[in-house]
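Every heavy atom of this structure was used, including side-chain atoms; hydrogens, water molecules and symmetry mates were not. First the proteins, then the strands, lettered A, B, ... as listed; each starts at 1.
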Amino acid sequence: MAIRAIRGFKDILPGESEKYRFMEEQARRVFKNFGFAEMRLPILEKTELFARGIGDHTDIVEKEMYTFKDRKGESVTLRPEATAGIMRAVLEHKLYSQGRELKLFTIGPMFRYERPQKGRLRQFTQINSELIGSKSPLADAEIVWQAWEILRRCTSAELRLEINSLGCPECRPLHRKDLDLFLENQAGELCEDCRRRSKTNPLRIFDCKQDRCRSILKFAPVIKHYWCPECSKHLGKVLDHLEIIGIPFVINPFLVRGLDYYVRTTFEIIAQGLGAQNTVAAGGRYDGLSQVLGGPDLPGVGMAVGMERLLILLDERDYSDRVQLFIAALGADAREEALEWLRELRKRNVCVQMSYEDKSLKAQMKQADRLKTPFVLIVGEKELEDEEAILRDMETSQQKAINLDDVIDEVLKELGISGKKESSQA
RNA sequence: GUGGGCGUAGCUCAGUUGGUUAGAGCGUCGGGUUGUGGCCCCGGAGGUCGAGGGUUCAAAUCCCUCCGCUCACCCCA
């Protein structure tokens with residue numbers, strides 16, 4: 001084959017696109033219930049936005065971004081995540097105002113230049129929500145709640161919510177200092193990766209899978225012992241809220257985030273069956289981001305659901321749209337009559353099809369069967385003469401004659417559709 | 001970026017120690033008489049065996065190089 005899709009980019013074909021739409025619909029319903037409004041943002045941003053927002057020395061910025069120069073020589077980047085862009089837009093349009101929080105969501109593709117594997121693509125889709133302008137622990141809880149609710153509506157897979165606090169600019173540096181000291185002393189005992197990490201991203205050390213490192217790290221300083229009273233209280237409240245809402249959680253004192261902007265609450269929702277990339281949703285609080293981007297002091301908390309990962313977890317069932325009626329018309333006259341019915345029924349939002357060719361009845365029945373349509377309306381010369389069409393129930397094989405004048409009403413009745421008017425949107 | 005596994009029909013895969021026209025199931029198309037789908041039976045179409053090079057009388061099969069897919073490390077949604 002001549003040209004293929006780019007590595008890590010995939011086509012979403014019929015059969016799968018319906019699943020994406022299903023996930024989106026569930027998310028949109030949840031957002032509606034929570035009073036969140038949609039934002040649609042550019043996919044391309046100035047590179048500087050992510051360099052500043054996510055953090056210069058993060059892996060994402062250092063080696064995973066699709067960055068290139070545009071025709072005028074400006075460095076631009078395909079967004080690797082949504083939060084920085086949302087905050088940029090909020091600041092640019094001054095959507096914030098004193099004492100009023102912003103509740104926003106967005107759904108769309110993100111890009112990271114990584115080696116593809118199960119649950120990881122170079123173009124992937126995220127459902128994002130951000131609650132900007134509130135420091136309240138209830139805001140944190142609502143964001144977690146949304147993620148949980150969206151997942152719960154989409155899958156019956158086992159889910160585990162892990163939560164932690166990263167501390168704040170008051171207490172985090174104290175922990176960091178002690179951790180650095182500890183790692184310096186233990187450097188000789190740690191694996192190669194961990195020695196590298198202890199320089200670049202010390203918190204990530206706790207993710208190491210080597211038994212040897214793990215046993216050493218048992219004695220490493222843990223953030224929870226460094227939380228300031230405010231941070232402790234904040235996390236406590238978030239957990240209280242989660243308990244009232246009824247979302248089970250486990251505290252993971254080693255849970256960290258790869259993006260610089262996170263403070264305090266951080267969480268991941270982990271699922272079985274995803275392979276190594278088992279985080280299906282994650283998020284946290286990012287109170288400093290606005291100021292890093294040159295904005296006012298705007299607290300925020302947000303989350304992202306990875307749709308390709310959630311896709312793997314979707315319950316096994318048919319997500320496709322069903323044809324409601326197939327019209328098997330035989331001969332030119334009958335096909336003309338059928339075309340009129342198509343027009344009337346489609347006006348009423350009935351999903352109805354007929355063959356593009358004047359094929360044998362057998363062939364048309366076969367076509368209808370493949371479409372899994374519940375009813376077939378049969379009309380040929382005989383029927384036109386008798387002024388009756390035949391409506392066949394494909395499941396029971398029962399047929400009944402319908403007067404040509406009553407076809408539309410009878411079909412609607414059989415399909416359980418009452419209204420003559422177009423049904424309004426759901 | 002590093003490592004493992006795998007590339008044969010649209011899909012899932014067989015293919016024995018190299019040996020003639022490369023197979024199966026599913027799908028697809030047609031048929032099993034006149035205007036009725038599913039099940040069954042019969043038949044057809046569909047393959048540069050990932051690409052290139054090498055060994056050999058002979059390569060899907062052995063060797064080399066490259067490409068792709070996939071899983072894992074790393075990292076993350």
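The gap from the P atom of B/G46 to that of B/U65 amounts to 37 Å, rounded to the nearest Å. Taking atom P in both B/C49 and B/C57, one finds a spacing of 22 Å when rounded to whole Å. A distance of about 11 Å separates the P atoms of B/U16 and B/U20, rounded to the whole Å. Rounded to a whole angstrom, the distance from the P atom of B/A14 to that of B/A24 is 16 Å. Remark: the separation of the P atoms in B/G44 and B/U61 is 29 Å, to the nearest Å. Taking the C1' atom of each, B/C66 and B/A58 are spaced 26 Å apart, rounded to whole Å.
The CG-C1' distance, from A/Asp369 to B/G37, rounds to 4 Å in whole Å. Rounded to an integer number of Å, the gap from CZ of A/Phe326 to C1' of B/G35 is 15 Å. A/Glu383 places its CD atom 12 Å from the P atom of B/U36, with the value rounded to the nearest Å. For the pair A/Asn128 CG and B/A77 P, the interatomic distance rounds to 10 Å; values are reported in whole Å.
Taking a cutoff of 4.0 Å between a charged side-chain nitrogen and a carboxylate oxygen, A/Glu149 and A/Arg152 do not qualify as a salt bridge. A salt bridge does not link A/Asp56 with A/Arg52: every distance from a Lys NZ or Arg NE/NH1/NH2 to an Asp or Glu carboxylate oxygen is 4.0 Å or more.
Annotation: side chain to side chain donor-acceptor pair (under 3.5 Å) contacts of A/Ser75 (sequence neighbours excluded): A/Thr47. By the side chain to side chain donor-acceptor pair (under 3.5 Å) test, A/Arg88 pairs with A/Glu45, A/Glu92, sequence neighbours left out. The side chain to side chain donor-acceptor pair (under 3.5 Å) check on A/Gln26 picks up nothing, with sequence neighbours excluded. The side chain to side chain donor-acceptor pair (under 3.5 Å) check on A/Glu130 picks up A/Thr83, A/Tyr286, with sequence neighbours excluded.
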Inset, instruction - Would you mind building the protein contact string for nucleotides 68-76 of chain B? One character per nucleotide, 5' to 3', B for base within reach (heavy atoms under 4.0 Å), S for sugar-phosphate only, - for untouched. - result: SS-SBBBBB

Inset, instruction - Could you encode protein contacts along nucleotides 28-33 of chain B as a string, one character per nucleotide from 5' to 3', using B for base contact, S for sugar-phosphate-only contact and - for no contact, with a heavy-atom cut-off of under 4.0 Å? - result: SS----

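Taking for each of A/Gln398 and A/Ala282 the nucleotide of RNA chain B with the nearest heavy atom, the 5'-most of the two is the partner of A/Gln398. Ranked by how close their nearest RNA chain B nucleotide is to the 5' end, A/Gln399 and A/Val305 are led by A/Gln399.
Every pair passing ring-ring contact (aromatic ring centres under 6.0 Å, His included) that includes a residue from residues 114-160 of chain A is listed here, sequence neighbours excluded: A/Phe34-A/Trp145.
Near RNA chain B, meaning a heavy atom under 4.0 Å from it, residues 38-52 of chain A has no residue at all. A heavy atom closer than 4.0 Å to some atom of RNA chain B occurs in no member of residues 76-84 of chain A. Less than 4.0 Å separates RNA chain B from no heavy atom of any residue of residues 144-169 of chain A.
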Legend entry - Intra- and interstrand pairs of RNA chain B - dot-bracket, Watson-Crick/G-U under 3.5 Å, | marks other strand: (((((((..((((.....[...)))).(((((.......))))).....(((((..]....))))))))))))....

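In this model, a side-chain donor or acceptor of A/Ser397 finds a partner on the base of B/G38 within 3.5 Å.
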Show me, pair by pair, the donor-acceptor contacts under 3.5 angstrom made by side chains of residues 375-392 of chain A, not counting sequence neighbours?
unit_1: A/Glu383; atom_1: OE1; unit_2: A/Gly380; atom_2: N; d: 2.7
unit_1: A/Arg392; atom_1: NH1; unit_2: A/Gln399; atom_2: OE1; d: 2.6
unit_1: A/Arg392; atom_1: NH2; unit_2: A/Ser397; atom_2: OG; d: 3.4

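In terms of modelled atom types and a separation under 3.5 Å, the side chain of A/Thr106 and the main chain of A/Met39 share a donor-acceptor contact.
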